[in-house]
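Here is the structure we will look at, set down as structure tokens.
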Amino acid sequence: MLLHGDYYDCFDLLETLMRHPVCPGSLVAEVKEIFHYQLAYRVDTTSNPTIVPAATEQEGDALVGAIHDLEGAGLGGAAEHLRHAGERIREQDWAGSVRASIDAIESVAKQVTPDSADTLGKALAALERQQDLHGALKSGLSSLYGYASDEPGVRHALLEDESKVTRDEAIFMIGACAAFCSYLWRKFGSQNAPSRKKAH
């Protein structure tokens with residue numbers, strides 16, 4: 001959806017051009033370089049070129065790196081959730097971005113649990129019990145999920161109050177969730193890779 005009068009229009013157009021079958025790779029590379037050095041966004045080219053947010057250069061590199069690692073590990077579902085979170089930020093859908101970021105963690109956590117847990121809570125409990133996930137890290141992951149579950153408009157429909165989620169929370173959550181996704185896969189994924197099921 002284009003946001004008229006915003007630079008988001010330009011981002012949408014650039015993505016459309018970069019994803020076109022006849023778009024030259026040199027154009028994508030040039031756009032990627034410009035974004036890397038001059039804008040608070042990065043161009044992820046792991047799959048379809050996608051413009052993702054980055055408050056700092058380090059955050060941008062970490063997010064693109066996490067998406068690349070997840071794709072390489074066969075966790076395309078989690079990578080797609082992170083891309084979707086970035087797209088929601090561009091569309092100023094802060095709550096939707098937080099939801100997609102949390103979905104990425106849930107996807108990875110359910111993939112790396114030995115007993116194929118069907119919820120994030122069960123997956124974290126299994127990792128803490130069987131796979132040496134430190135209690136404080138489990139608590140941190142659970143708190144991120146708790147925030148998303150409690151904040152109106154994120155995982156539940158708004159009733160009377162508008163969501164208080166802002167761009168700042170959305171940027172923080174996409175970075176934090178990307179980092180947690182990478183951590184979970186690096187620490188636990190290789191142990192269960194042969195039996196993992198398809199990510200959602």
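These numbers come from the heavy atoms of this one structure, side chains and all, not from hydrogens, waters or symmetry mates.
Contact record, Ala78 with Ser107: N-OG, 3.8 Å, taken as the closest heavy-atom pair. Smallest separation of non-hydrogen atoms from Ala170 and Val98: CA-CG2, 4.0 Å. In terms of heavy-atom proximity, Val165 sits nearest to Trp94 at O-CD1, 3.3 Å. When all heavy atoms are compared, the tightest approach of Ala66 to Ser182 is CB-OG, 3.3 Å.
For the atom pair Ile174 CD1 and Leu82 CG, the distance stands at 6.0 Å (nearest 0.5 Å). In this structure, the separation between CG on Leu127 and CG on Leu184 is 6.5 Å, given to the nearest 0.5 Å. A distance of 11.0 Å separates CD of Gln111 from SG of Cys181, quoted to the nearest 0.5 Å. Atom CD1 of Ile89 sits about 3.5 Å away from atom OG of Ser97, to the nearest 0.5 Å. With rounding to the nearest 0.5 Å, the separation of CZ in Arg167 from CZ in Phe172 is 15.0 Å. Annotation: the span from Ile105 atom CD1 to Tyr183 atom OH amounts to 12.0 Å, rounded to 0.5 Å.
Remark: the Arg88 side chain and the Ser101 side chain contain no N/O donor-acceptor pair separated by less than 3.5 Å.
In this structure a side-chain-to-backbone donor-acceptor pair under 3.5 Å is missing from Glu30 to Leu27. No side-chain donor-acceptor contact under 3.5 Å links Thr113 to the backbone of Ala123. Side-chain atoms of Ser142 come within 3.5 Å of backbone N or O of Lys138 as a donor-acceptor pair.
A salt bridge does not link Arg83 to Glu87: none of the charged side-chain nitrogens sits closer than 4.0 Å to a carboxylate oxygen.
Paired with Thr50 under the rule side-chain hydrogen bond (donor to acceptor under 3.5 Å, both in side chains), one option of His84, Arg19, Glu15 passes, and it is Arg19. Partner of Leu75 under the side-chain contact (heavy atoms from CB on, under 4.5 Å) criterion, chosen from Ile67, Val112, Val108, Asp69: Val108.
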